[in-house]
Peer 1: 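First the structure, then my questions, so here it is.
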Amino acid sequence: MDHDRAPVLDALRDFRRRGFVPFSPPGHKQGRGVDSRVLDVLGPDAFAADVVALNGLDDRLLRYGVLREAQELMADAVGADESTFSTCGSSLSVKSAMLAVAGPHDTLLVPRNAHKSVALGLIVSGARPGWVLPRWDTRLHLSHPPGPEEFRAAFARDPEAVGALLVSPTDYGTCSDVRAVAEVCHERDVPLIVDAAWGAHLPFHERLPQWAMTSGADVGVTSVHKMGMALQQGSVFHVRGDRLDSSLLRQRSDLLDTTSPTSLVYASIDGWRRQMMQHGHILLEAGIELAGAVRRRCADVEGLAVADDDFVGPGLAASVDPFKVTIDVTGLGADGYQVADWLYRQRHIAVGVADHRRIVAQFTCADDARTADTLLDALTAVAAAAPEFPDAPRVEVPSPECLEPETALRPRDAFFAPAEQVPIGAAAGRIAAEIISPYPPGAPDVIPGDLLSTAVLDYLRSGLAAGMRLPDATDPSLSTVRVVANG
């Protein structure tokens with residue numbers, strides 16, 4: 001296929017050149033009606049490119065096949081049979097994939113450390129989770145994606161499972177042996193969904209971890225806005241093989257998707273695919289080398305340790321994405337929340353993830369020596385400032401066993417059941433009716449249907465006091481917890 005083409009970008013350029021006068025949404029009419037104060041911040045070009053597909057990018061019946069061609073080019077680029085663009089982020093795409101595999105009362109194998117969008121997918125679909133245990137690193141207090149052994153054990157517990165879901169890479173860049181997990185699933189002729197939201201770049205360089213579509217996955221979900229160059233909410237789900245009916249996937253995604261997608265996001269996805277096919281290997285090679293240099297220089301800062309060196313090994317991750325630089329800050333006598341806040345306030349640096357002992361600096365092809373030096377200068381400065389930080393509140397990190405709670409009800413049943421708010425001191429032993437997830441990374445520690453434990457509740461309360469963000473708790477103070485009434 002001709003990867004010099006970018007059909008959406010070309011159609012958008014033609015729409016603007018021809019001077020179309022729309023009497024259809026969006027109502028801003030290429031920005032003509034937008035307040036000048038908005039244009040001063042966003043710029044007129046953002047609105048000029050905000051065009052609908054029908055009678056915009058394409059005609060009323062989509063006769064020119066603009067979006068279809070762009071999606072076919074994407075599928076060819078990443079080794080998929082079909083690819084579908086979404087402007088609602090991978091949070092929607094992964095739910096669509098789950099709905100296409102498992103319906104009400106079906107069992108779907110799901111890692112316990114999956115993103116909250118997966119937990120929400122269980123609620124929307126009504127599927128019963130067959131929990132797959134992650135690989136716990138008890139020394140560094142971190143979970144990695146499960147491997148084939150964990151999936152075999154899960155299938156032994158839930159042989160009726162109709163499919164499986166794997167998250168690889170995680171927010172920390174840790175990856176599973178996708179190929180081996182796919183083989184375990186395919187021995188039972190069930191599809192494997194890979195939530196590769198953090199892995200859109202993986203197909204384009206051999207030094208990166210396994211890519212879902214060329215490693216046996218049946219569905220792969222990517223957020224092109226995370227590690228690619230697309231605008232926020234730019235997502236693609238890919239299908240390969242015949243274990244999943246792609247028309248069914250489109251039908252189920254229609255339950256959740258918008259009928260008003262923006263061409264601005266489509267165009268950025270389309271342009272990124274072309275960029276990767278033309279220049280991706282060179283850009284990624286430079287990015288890998290840059291991130292490696294940052295790791296080496298970071299290790300020279302007293303009190304900092306590059307944690308991802310210890311993530312790979314027996315019982316741990318199969319590989320790590322080199323673009324994620326995970327820095328352990330415990331040697332500073334501080335926690336990740338304090339360091340992330342100092343970097344943001346004092347040096348205007350935003351890191352992707354902060355937890356009770358780490359920060360994660362995400363690199364992409366957009367970084368260069370200047371941004372790397374800016375980060376390293378700031379890390380040197382925060383190391384010098386850390387002795388003046390107040391003592392970090394202690395976070396009561398539970399054992400892995402405590403993070404594998406008993407599921408008393410299906411998530412959907414618990415979420416929609418009559419519920420009540422109870423004091424957190426009285427919540428242990430009750431059935432959760434809400435999601436509570438430290439964000440980022442957004443992997444829930446409480447999912448509707450969980451039998452709540454004192455250890456998990458203590459962890460969340462102590463984490464909140466230390467600076468953890470819990471955006472989905474019904475009570476932001478976590479003084480009370482939403483539980484199933486009479487449950």
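What you are looking at is a predicted structure, and each value in this text was computed from that prediction instead of being measured. Side-chain atoms are counted along with the backbone in the values below, which use heavy atoms only and exclude waters and symmetry mates.
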Peer 1: Is the side chain of D137 donor-acceptor paired with the backbone N or O of L140 at a distance under 3.5 Å, no angle test?
Peer 2: yes
Peer 1: Would the distance check show the side chain of S176 and the main-chain N or O of P146 forming a donor-acceptor pair, the cut-off being under 3.5 Å?
Peer 2: yes
Peer 1: Does the side chain of H115 come under 3.5 Å of the side chain of D171 through a donor N or O and an acceptor N or O?
Peer 2: no
Peer 1: For the pair H225 and L231, evaluate side chain to side chain contact (heavy atoms under 4.5 Å, CB included) and give the outcome as yes or no after the intermediate values.
Peer 2: CA-CA 5 Å; H225 67 269; L231 291 170; 6.0 Å; no
Peer 1: Charged N to carboxylate O below 4.0 Å: is that the case for R13 and D10?
Peer 2: yes
Peer 1: Taking atom CZ of R37 as the centre, report whether more than 12 heavy atoms of other residues, nucleotides or ligands fall under 6.0 Å from it.
Peer 2: no
Peer 1: If the condition is ring pair (Phe, Tyr, Trp, His ring centres under 6.0 Å), which residues does F20 pass it with, not counting sequence neighbours?
Peer 2: F15
Peer 1: Between L92 and S86, is the side chain to side chain contact (heavy atoms under 4.5 Å, CB included) condition met? List the steps.
Peer 2: CA-CA 8 Å; L92 181 141; S86 172; 4.1 Å; yes
Peer 1: Ring pair (Phe, Tyr, Trp, His ring centres under 6.0 Å) with F204: which residues, sequence neighbours excluded?
Peer 2: W272
Peer 1: Could you walk me through whether I359 and L379 pass the side chain to side chain contact (heavy atoms under 4.5 Å, CB included) test, one step at a time?
Peer 2: CA-CA 11 Å; I359 60 171; L379 290 172; 4.0 Å; yes
Peer 1: Take atom CG of D300 as the centre, draw a 6.0 Å sphere, and report whether it contains more than 12 heavy atoms from other residues, nucleotides or ligands.
Peer 2: yes
Peer 1: Do the charged groups of D450 and R112 touch, with an N to O distance under 4.0 Å?
Peer 2: yes
Peer 1: Please check this pair: side chain of D355 against backbone of R358, looking for a donor-acceptor N/O pair closer than 3.5 Å.
Peer 2: yes
Peer 1: Shortest non-hydrogen contact from Q30 to P22?
Peer 2: OE1-CG, 3.2 Å
Peer 1: Under a 3.5 Å distance rule, please check whether S235 uses its side chain to pair with a backbone N or O of T222 as donor and acceptor.
Peer 2: yes
Peer 1: With a cut-off of 6.0 Å (strictly less than), are more than 12 heavy atoms of other residues, nucleotides or ligands near CZ of R394?
Peer 2: no
Peer 1: Mind checking side-chain hydrogen bond (donor to acceptor under 3.5 Å, both in side chains) for E285 and listing every partner two or more places apart, or none if nothing turns up?
Peer 2: H205, R207
Peer 1: With rounding to the nearest 0.5 angstrom, report the NE2 to CZ distance, H3 to R273.
Peer 2: 6.0 Å
Peer 1: Take S96 and S253 through the test side chain to side chain donor-acceptor pair (under 3.5 Å) and record every step on the way to the result.
Peer 2: CA-CA 5 Å; S96 299; S253 68; 4.6 Å; no
Peer 1: Before accepting this row, confirm whether a basic side-chain N of the pair D373/R370 lies closer than 4.0 Å to the acidic partner's carboxylate O.
Peer 2: no
Peer 1: For the residue pair T371 / D367, report whether a side-chain donor-acceptor contact shorter than 3.5 Å exists.
Peer 2: yes
Peer 1: Are D377 and R347 close enough for a salt bridge, meaning some N to O gap below 4.0 Å?
Peer 2: no
Peer 1: Distance check, rounded to the nearest 0.5 Å: L120 atom CG versus D472 atom CG?
Peer 2: 8.0 Å
Peer 1: Is there a side chain to side chain contact (heavy atoms under 4.5 Å, CB included) between V78 and M74? Walk through the geometry before answering.
Peer 2: CA-CA 6 Å; V78 303; M74 176 65 81; 4.1 Å; yes
Peer 1: Would you indicate whether I282, at its atom CD1, is surrounded by more than 12 heavy atoms from other residues, nucleotides or ligands within a distance under 6.0 Å?
Peer 2: no
